[in-house]
K.L.:
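Below you'll find the structure I mean.
Counting starts at 1 for both ligands and their atoms, in listed order.
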Amino acid sequence: MRILVTGGAGYIGSHTCVELLSAGHEVVVVDSLANSSAVALTRVEKIAGRSLFFRQVDINEKAALKSVFDEFAFDSVIHFAGLKAVGESVEQPLYYYRNNFCGTVNLLEVMESYAVRRMVFSSSATVYGEADSVPIPEQSSLSATNPYGRSKLMIEEMLGDLVRARPNWNIDVLRYFNPVGAHESGLIGEDPAGIPNNLMPFIAQVAVGKLDRLNVFGEDWETPDGTGVRDYIHVVDLAKGHLCALETVKETGGLRVYNLGTGTGSSVHEVRKAFEKAAARAIPFEVLGRRPGDVAQCFADVSKVERELGWKATYDLDAMCQDAWRWQSLNPDGYSKV
Ligand code: NAD
Ligand code: UDP
């Protein structure tokens, strides 16, 4: 298949490109490089031993996007392109709605005009809002607590409307839980701009000496050790989930929604200890108050994706930390010092 990967230079996109190339697919990446480096793509090619096509295009630029569709006939689109910083989305909601929501409208319009009606979309467990109970199945009620999450929810609703009006579209919505880790080569990984917001990259930067200590946001949650519990999933498992979705597409069209997680929750202290083992060093930490907007526990019910796609996460927390540490220690400044 020839696949357009929007946002393919980013963290999850780059790992997915490796899997797509390794499975023999032809890959065309469009990325504005708003939050990534083209170096990631040269490394993807190195790992896979195959080339891809890259066009630096913002999906909001319709003419530029059309020129990519003129150049290549696509079988399918995997749509990663989007901004993802929750705090920034609260500060700049219109920027997020334009980039994520309007960008997706633009992409869908171009796809329709070129009769490319197959998309795999990156959604997030954030659409479950404050879930009533765990594990969280796909049919749980949905809500958003910030503009980033609302942009994902709005896109999901729009995709549902599109498929109802145009039953020949084939769309998979994948709701990611907490992607972490890196490719085992240590060549590609997560490269957050500035101080990381998320737990694993923050711990990795403490381990490598760029940050002094981990701030643990609350030890008074209703969880076994009092710290927040999340469903961390290795980014390579996540990437493979996209291939499973592509390869099991139904002829009939429609919209499918799947959780991508391990189905197991890990606490902040469990992640910290696993990382200490992987990096063979202590991670200093301090317990602070709860972070606004956090929930106690969030982990996936993965029975639907296992049953219907035959996909199951394979890496455990130790492997996630070992791979995150290899990437961080080999690339202490991410792609910026290449
Ligand atoms: P990322 O920032 O590393 O990758 C996103 C890529 O999209 C970047 O390379 C960025 O330059 C590009 N991009 C952004 N706006 C664009 C535009 N208008 N046109 C073209 N390219 C654009 O993020 P990621 O972690 O790889 O996330 C990929 C997708 O998965 C995003 O849609 C994100 O919201 C979603 N997601 C991520 C997580 C996570 O924790 N990483 C969790 C759930 C969902
Ligand atoms: N967390 C923490 N310190 C940090 C970052 C995160 O204690 O510096 C906690 C956070 O409160 C949550 C868990 O780690 O319980 C995962 O947070 P992350 O931001 O990685 O994911 P999300 O909360 O978005 O699922």
Side-chain angles (χ1 to χ4, degrees), residues 5-16 29-38 40-41 55-61 64-65 78-87 89 95-96 98-100 102-104 106-107 121-128 145-146 148-149 151-152 155 174-180 188-193 195-203 205-206 211 213-219 221 223 226-233 235 238-239 242 260-261 265-272 285-299:
V5 183
T6 74
Y11 172 45
I12 304 169
S14 57
H15 288 81
T16 305
V29 168
V30 301
D31 197 303
S32 63
L33 302 182
N35 192 39
S36 53
S37 162
L41 295 174
R55 300 292 176 264
Q56 186 170 349
V57 165
D58 187 316
I59 58 165
N60 281 287
E61 304 289 338
L65 197 54
I78 306 184
H79 179 31
F80 294 106
L83 300 168
K84 61 168 183 177
V86 171
S89 81
Y95 177 44
Y96 269 64
R98 169 159 297 283
N99 194 76
N100 292 3
C102 299
T104 304
N106 225 22
L107 174 63
F121 171 64
S122 298
S123 190
S124 166
T126 190
V127 299
Y128 295 120
T145 53
N146 55 68
Y148 165 69
S151 74
K152 292 289 180 194
I155 294 168
L174 303 182
R175 295 182 182 147
Y176 312 153
F177 279 68
N178 291 59
V180 296
I188 56 172
E190 189 171 10
D191 184 16
I195 296 176
N197 294 312
N198 297 115
L199 181 65
M200 183 78 82
F202 197 104
I203 291 179
Q205 293 200 8
V206 174
L211 296 168
R213 77 181 82 80
L214 168 68
N215 298 315
V216 175
F217 297 138
E219 222 176 23
W221 295 99
T223 59
T227 65
V229 167
R230 297 290 183 277
D231 188 340
Y232 299 94
I233 171 166
V235 65
L238 196 70
H242 294 74
L260 292 186
S266 302
S267 74
V268 174
H269 285 319
E270 283 170 333
V271 175
R272 179 180 59 76
F285 70 95
E286 184 180 357
V287 178
L288 304 183
R290 294 181 179 191
R291 182 172 66 174
D294 266 355
V295 295
Q297 305 199 68
C298 178
F299 54 93

K.L.:
Ligand 2 versus Trp221, non-hydrogen atoms closer than 4.0 Å: side chain, backbone, both, neither?
P.N.:
neither
K.L.:
Give the numbers and elements of all ligand 2 atoms closer than 4.0 Å to a heavy atom of Val216.
P.N.:
7 (O)
K.L.:
Can any side-chain N or O of Tyr11 pair as donor or acceptor with the backbone N or O of Ile188 at less than 3.5 Å?
P.N.:
no
K.L.:
For ligand 1, which of its N or O atoms have a protein N or O partner closer than 3.5 Å, and how long is each gap?
P.N.:
| residue | atom | partner | partner atom | Å |
| --- | --- | --- | --- | --- |
| ligand 1 | 2 (O) | Asn35 | ND2 | 2.7 |
| ligand 1 | 3 (O) | Tyr11 | N | 2.8 |
| ligand 1 | 9 (O) | Gly10 | N | 3.3 |
| ligand 1 | 9 (O) | Asp31 | OD1 | 3.2 |
| ligand 1 | 9 (O) | Asp31 | OD2 | 2.6 |
| ligand 1 | 9 (O) | Ser36 | OG | 2.6 |
| ligand 1 | 11 (O) | Asp31 | OD1 | 2.7 |
| ligand 1 | 11 (O) | Ala34 | N | 3.0 |
| ligand 1 | 11 (O) | Asn35 | N | 2.9 |
| ligand 1 | 11 (O) | Ser36 | OG | 3.2 |
| ligand 1 | 15 (N) | Asn99 | ND2 | 3.0 |
| ligand 1 | 18 (N) | Asp58 | OD1 | 2.9 |
| ligand 1 | 18 (N) | Asn99 | OD1 | 2.8 |
| ligand 1 | 19 (N) | Ile59 | N | 3.0 |
| ligand 1 | 21 (N) | Ser32 | N | 3.0 |
| ligand 1 | 21 (N) | Ser32 | OG | 3.3 |
| ligand 1 | 23 (O) | Lys84 | NZ | 3.4 |
| ligand 1 | 25 (O) | Lys84 | NZ | 2.7 |
| ligand 1 | 26 (O) | Tyr11 | N | 3.2 |
| ligand 1 | 26 (O) | Ile12 | N | 2.8 |
| ligand 1 | 32 (O) | Phe80 | O | 2.8 |
| ligand 1 | 32 (O) | Lys152 | NZ | 2.8 |
| ligand 1 | 34 (O) | Tyr148 | OH | 2.7 |
| ligand 1 | 34 (O) | Lys152 | NZ | 3.1 |

K.L.:
Are the side chains of Asn100 and Ser89 in touch, meaning some heavy atoms are under 4.5 Å apart?
P.N.:
no
K.L.:
As an exercise, identify every atom of ligand 2 less than 4.0 angstrom from a heavy atom of Asn197.
P.N.:
5 (C), 19 (O)
K.L.:
Give yes if a backbone or side-chain nitrogen or oxygen of Phe217 is under 3.5 Å from a nitrogen or oxygen of ligand 2, and no if not.
P.N.:
yes
K.L.:
Quick one: look at Val86 and ligand 2, take heavy-atom pairs under 4.0 Å, and tell me if it's side chain, backbone, both or neither.
P.N.:
neither
K.L.:
For ligand 2, is any non-hydrogen atom under 4.0 Å from Leu199's backbone (N, CA, C, O), its side chain (CB onward), both, or neither?
P.N.:
both
K.L.:
Backbone N or O of Ser32 within a donor-acceptor pair of the Asp58 side chain at under 3.5 Å?
P.N.:
no
K.L.:
Phe80 and Ser122: which non-hydrogen atoms are nearest, and at how many Å?
P.N.:
CD2-OG, 3.0 Å
K.L.:
Among Asn215, Asn198, Asp231, whose heavy atom sits nearest atom 24 (O) of ligand 2?
P.N.:
Asn198
K.L.:
Starting from atom 14 (O) of ligand 2, which protein heavy atom do you reach first, and at what distance in Å?
P.N.:
Val268 CG2, 3.5 Å
K.L.:
Do Asp31 and Ser36 get their side chains close enough for a donor-acceptor pair, meaning under 3.5 Å?
P.N.:
yes
